[in-house]
Enquirer: 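This is the structure I want to talk about, given as structure tokens.
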Amino acid sequence: MWQTRLATASLLLISAYALNCPANYDDIGSGCVYAPDEQLTALEAQVLCHDFQGELATLDRCDIFTDAVHYLEETGGMNDSFWIGGTYSVTRDEWQWRDGSVIAMGAPFWGTADGGTWEPFGGNCTGIFYGDNPYMGAYTCDAEFHHICEGPSTAEGRCNLPFTPVGSQCLSFENATQQSWQISRNICQVDGGDLVTFDDCEQFSIVANYILEHDLQYIDRYWVGGYLETWDTEDWFWLDGSSIPMGVPLWGQFYVGELLPDNPTVERCLELGYEYRHRFNDLDCLELRRPLCMTSPVE
Ligand SMILES: *[C@@H]1O[C@H](CO)[C@@H](O)[C@H](O)[C@H]1NC(C)=O
Ligand SMILES: *[C@@H]1O[C@H](CO)[C@@H](O)[C@H](O)[C@H]1NC(C)=O
Ligand SMILES: *[C@@H]1O[C@H](CO)[C@@H](O)[C@H](O)[C@H]1NC(C)=O
């Protein structure tokens with residue numbers, strides 16, 4: 001049955017921007033998904049996704065939620081129910097995705113159960129359930145359903161020199177010169193890139209571990225594409241204007257002191273440094289570091 005679905009899917013899901021998806025996964029435009037044939041409990045489903053280098057899907061954006069539902073429609077999955085990666089946290093009294101981010105209640109993701117009651121209703125695990133509607137609902141975690149795994153997209157084979165694929169990004173660890181943050185940015189731009197930014201914690205983790213595995217931490221510390229806009233608001237931004245989350249797990253700690261950033265009047269550029277166990281540090285923009293550049297994977 002699923003073979004037929006996949007054959008149909010590959011015809012229907014031609015997207016403008018191709019991702020590199022891991023083996024078994026289908027590119028649905030906004031992400032890489034895989035719906036194995038097995039019907040499993042939510043916990044077993046997560047283990048199986050993990051065996052396939054993925055996780056139960058986090059459908060936390062309108063685009064990936066919509067694309068995933070269309071994928072189920074187009075592959076004949078709308079008569080089945082599928083676990084996805086949201087669970088109720090008793091300690092936080094909140095619904096959360098696997099990375100701990102909060103699932104907002106109500107529209108547009110949650111449906112209504114039994115002709116009117118807003119989901120989540122009657123269970124601690126989330127899925128897209130046949131019979132309800134193609135929206136999210138909750139169910140007891142030990143029920144056995146199909147499931148949607150989400151895999152990491154990779155930039156493998158799609159980075160031009162001097163960039164090298166690291167997870168979903170093309171990066172270049174420039175070690176020729178140490179420069180101020182602004183000059184480092186210009187160096188990246190000459191190569192058609194910019195200082196690196198991280199959309200999510202998973203990609204940040206892939207990059208930090210790459211630095212460790214390749215012993216790059218002993219070479220030097222890097223400038224990355226984040227800055228403090230004004231000292232009086234203490235809001236940090238990525239170069240694209242989106243905000244950088246504060247606290248764990250991204251920001252480091254200065255020895256046994258407080259969590260960084262700790263000096264908004266002077267230190268307004270973002271460093272990735274080994275002293276802070278490969279987490280973020282605020283630093284004076286005129287200090288000299290090496291640029292950690294990124295560019296978009298080529299088509
Ligand atoms: C779903 O179930 C309905 C009613 O049993 C059936 O008519 C329809 O063909 C099924 N759709 C798919 C894609 O299997
Ligand atoms: C949800 O989890 C809590 C804590 O483990 C449990 O007490 C409760 O019965 C669960 N709810 C359902 C509907 O399974
Ligand atoms: C960085 O410097 C090291 C040591 O000088 C060298 O072995 C390595 O090839 C350099 N890396 C790049 C990307 O230039």
Side-chain angles (χ1 to χ4, degrees), residues 1-2 5 24-25 28 30-73 75-152 200-202 204-205 245-250 259:
M1 175 63 183
W2 196 254
R5 289 182 194 169
N24 297 302
Y25 286 84
I28 59 166
S30 51
C32 300
V33 299
Y34 173 45
D37 246 339
E38 290 86 347
Q39 300 207 36
L40 301 171
T41 67
L43 187 59
E44 291 164 347
Q46 167 56 20
V47 170
L48 190 71
C49 290
H50 211 252
D51 288 344
F52 284 102
Q53 276 72 54
E55 310 270 357
L56 276 177
T58 293
L59 306 181
D60 61 345
R61 303 186 318 267
C62 291
D63 62 346
I64 192 168
F65 182 84
T66 306
D67 291 341
V69 169
H70 286 161
Y71 176 79
L72 296 181
E73 284 169 357
T75 55
M78 288 316 290
N79 283 358
D80 297 324
S81 298
F82 295 83
W83 288 126
I84 58 173
T87 51
Y88 175 67
S89 161
V90 180
T91 45
R92 292 172 66 178
D93 187 23
E94 246 165 22
W95 285 81
Q96 58 188 40
W97 295 111
R98 294 195 52 79
D99 66 359
S101 59
V102 175
I103 307 178
M105 292 294 104
F109 302 127
W110 296 96
T112 49
D114 305 330
T117 316
W118 270 106
E119 294 278 4
F121 180 76
N124 289 335
C125 286
T126 57
I128 293 177
F129 297 108
Y130 161 64
D132 250 355
N133 47 42
Y135 290 97
M136 260 166 61
Y139 212 80
T140 47
C141 305
D142 52 9
E144 296 186 347
F145 294 127
H146 290 286
H147 51 288
I148 307 174
C149 307
E150 186 186 358
D200 59 59
C201 189
E202 282 67 36
F204 169 72
S205 154
M246 290 291 107
V248 291
L250 297 176
L259 265 183

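Both ligands and their constituent atoms are indexed starting at 1 by order of listing.
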Enquirer: Which protein N or O atoms sit under 3.5 Å from any N or O of ligand 2? Give atom names and distances.
Expert:
| residue | atom | partner | partner atom | Å |
| --- | --- | --- | --- | --- |
| ligand 2 | 2 (O) | N124 | ND2 | 2.1 |
| ligand 2 | 11 (N) | N124 | ND2 | 3.2 |

Enquirer: Please report the shortest heavy-atom distance between L59 and I64, naming the atom on each side.
Expert: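 Minimum heavy-atom separation between L59 and I64: CA-CG2, 3.9 Å.
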Enquirer: Mind checking what makes side-chain hydrogen bond (donor to acceptor under 3.5 Å, both in side chains) contact with S81, not counting sequence neighbours?
Expert: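 For S81, no residue satisfies side-chain hydrogen bond (donor to acceptor under 3.5 Å, both in side chains) once neighbours in sequence are set aside.
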Enquirer: Sequence neighbours excluded, which residues qualify as ring-ring contact (aromatic ring centres under 6.0 Å, His included) partners of F145?
Expert: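 Once residues adjacent in sequence are excluded, the partners of F145 under the ring-ring contact (aromatic ring centres under 6.0 Å, His included) criterion are W83, F129, Y139.
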Enquirer: What's the verdict on side chain to side chain donor-acceptor pair (under 3.5 Å) for T58 and D60, showing C-alpha distance, side-chain angles and the deciding distance?
Expert: CA-CA 6 Å; T58 293; D60 61 345; over 6 Å; no
Enquirer: Closest approach of F82 and H147, non-hydrogen atoms and distance?
Expert: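 What the structure gives for the nearest pair is CD2-N, 3.8 Å.
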Enquirer: When the side chains of residues 46-53 are checked against the rest of the protein, which donor-acceptor pairs come out under 3.5 Å, sequence neighbours left out?
Expert:
| residue | atom | partner | partner atom | Å |
| --- | --- | --- | --- | --- |
| Q46 | OE1 | L56 | N | 2.8 |
| Q46 | NE2 | E55 | OE1 | 2.6 |

